[in-house]
Amino acid sequence: MLVLAIDSATPVAGVALVAEDRVLKEVFLNHRQTHSQTLMVMVDEVLKQAEVGLKDIDGIAVSRGPGSFTGLRIGLATAKGLAMGSAKPLVGVPTLDALAYNMCLFEGIICPVLDARKQEVYTAFYRGLGTGVERLSEYRACSPQALVDEIQERGVRRVAMLGDGALRYPEFFQQALGSKLVWPPPNLLLPRASSLGLLALERLRQGQYDDVMTLVPVYVRLSEAENRLRLGAV
Amino acid sequence: MLNDSLILGIETSCDETAAAIVRGGRQILSNVINSQVVVHKKFGGVVPEVASRKHIENIARVVEHAFRDASLEYGDIDAVAVTNRPGLVGALLVGVSFAKGLAYALDKPLLGVNHLQGHIYANFLEHPEVEFPLVCLVVSGGHTSLVYMREEGSFEIMGETRDDAAGEAFDKVARFLGLGYPGGPAVEGAARLGEEGIYHLPRVFLDKDDFEFSFSGLKTATMNLWNKLKRDGKQVEVHHLAAEFQAALVEVLVEKTISAARHKGVETVLLAGGVAANRALRARLEGRAREEGLLLYCPSPVLCTDNAAMIAACAHSDYTRRRWAPLTLNAHPGLSSL
Ligand SMILES: [Zn+2]
């Protein structure tokens, strides 16, 4: 099986072509957020250099969120267009799942943390399974302090933190968690399209995929306006 | 075939998710519009983030619908055209990203279209006989522009609004007067029950010799008049005030358009954009054009509001001239130039 994976959920843009047992080609760009200009060029480059056509792939994977609202939509809209035009199945993979997968060999709690702005982060807890990860909590937006509190309450002994949210508050997390905290090396710290592709491939093997017509991002948060309306209506 | 092109148009610049297929830049095969008016109504105006969320939710279905209505397979089209400027950037990006993915997968050319130029081309869908050179008044919630077209694909902005767009002024005054949203139809409805001239509002022509507009003064004058009447303990006749506001706005739009046509010495005048659906504007412009011996065209109301048929129609000339967009095509929020 071959999966084309597309990720523009965070400041990183990534595209990868993966099979069960190997990554054929991967492009990772962590430099300026011009996803709308770079993403399709990266898709083209990955396919051309791997000498693979869209007709040869078995599915398209896309980072579904949470993450930057606009980034998520650029990725999903691109993936929908590609999937519709090529009649290939589309698989939406939660951004935090794919990020946690970078650390699937870690023995301890894996805690991907994405910058949610407004002094908050998107996060969830995972356990490494060697060849995969198991999610232990809901996706949520919370303050870095609330995240630290929960780690302490759970009596976690070792926690690996990664993602742009962790990098946003490194001293805070280091101070609060001390020797419990493990930082992965830079090559594993941010979302990798290859991780996304491998998780999607697993779902495709089980015959699961999403509906191109109805798939929407997981924002976790309401828009500002909806929030105000909700608060005002209470 | 270049001249018999089948172009898919995609439009997501504001609060309509739209897709259409047009043959040869003139013949509509399908025209699907998913309006979010009801969604934004509760916020009293278009909320960019909410609009973007709706676009990503709807885009694939709307495009599929356009193919179904035209009885075409995806691979049957010759090109994918998409609005990439101006508009709400987050909203534009949904259409642009989707169009890029689809065009790439189908191995068809991609075309980036200016929304304003699209509005002008709505006219060619219904009036293929329109001849150049011409002057077009584009009036909508986002724009008020006088555009001179010497020939196919050539656009010169003669004047624009310096502040509020005409549609924006309608929205703001409607909200102030408690007439509801969207403001255009709300003010028009109220004005039909009232009479112009009972109250007096200024006609802001600015410099007689140029073609710039300004509507924020008219909006403020309307609010000030209302406040003064209230202060003086007088009953405000909302219908008469709406009628006077609309008349003042329409008169400026019409007279500037007529003088722009005279200035360029053209015989053809076009009306386009969402506010072009306003019956008072159409009636007055028709009357003045007849007096001046000008040929006036305007699209039917369904093609005045944002739609993708106009985008596909507008893209036809770029398609035939092979002015295709690269994969780096981006969305631009600003008016900038045509
Ligand atoms: Zn418009």
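In what follows, chains carry the letters A, B, and so on, assigned in the order in which the sequence lines appear, proteins first and then strands, with residues in each chain numbered from 1.
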Heavy atoms, side chains only, cut-off 4.5 Å: are A:V43 and A:L4 in contact? yes
Contact leader toward chain A among B:L93, B:I56, B:L106, where contacts are heavy-atom pairs under 4.5 Å: B:I56
A:L54, part contacting chain B, at a heavy-atom distance under 4.5 Å: side chain
Should A:V3 and A:L204 count as side-chain neighbours, where that means a heavy-atom distance under 4.5 Å? yes
Sole residue of B:N31, B:L125, B:I311 in side-chain contact (heavy atoms from CB on, under 4.5 Å) with B:V22: B:L125
In chain order, what residues pass the ring-ring contact (aromatic ring centres under 6.0 Å, His included) check against B:Y121, with sequence neighbours excluded? B:F124
Sidechain-backbone polar pair: B:R175 side chain, B:G44 backbone, donor-acceptor under 3.5 Å: yes
I'd like a table of all donor-acceptor pairs linking chain B to chain A (distance under 3.5 Å, no angle check), giving the atom names and the distance to one decimal.
{"residue": "B:E49", "atom": "OE1", "partner": "A:R73", "partner atom": "NH2", "Å": "2.8"}
{"residue": "B:E49", "atom": "OE2", "partner": "A:R73", "partner atom": "NH1", "Å": "3.0"}
{"residue": "B:R53", "atom": "NH1", "partner": "A:R221", "partner atom": "O", "Å": "3.2"}
{"residue": "B:R53", "atom": "NH2", "partner": "A:R221", "partner atom": "O", "Å": "3.1"}
{"residue": "B:I56", "atom": "O", "partner": "A:K80", "partner atom": "NZ", "Å": "3.3"}
{"residue": "B:K100", "atom": "NZ", "partner": "A:S36", "partner atom": "O", "Å": "2.4"}
{"residue": "B:Y104", "atom": "OH", "partner": "A:D44", "partner atom": "OD1", "Å": "2.7"}
{"residue": "B:N330", "atom": "OD1", "partner": "A:S36", "partner atom": "OG", "Å": "2.4"}
{"residue": "B:N330", "atom": "ND2", "partner": "A:Q37", "partner atom": "OE1", "Å": "3.4"}

Honestly, the part of A:L90 sitting under 4.5 Å from a heavy atom of chain B is neither
Is it the side chain or the backbone of B:V94 that comes within 4.5 Å of chain A heavy atoms, both, or neither? both
For residues A:V148 and A:F172, determine if any side-chain heavy atom of one lies less than 4.5 Å from a side-chain heavy atom of the other. yes
May I ask you to test the A:L39-A:V15 pair for a side-chain heavy-atom distance under 4.5 Å? yes
Please answer whether the main-chain N or O of B:I7 pairs with a side-chain N or O of B:S5 as donor and acceptor at a distance below 3.5 Å. no
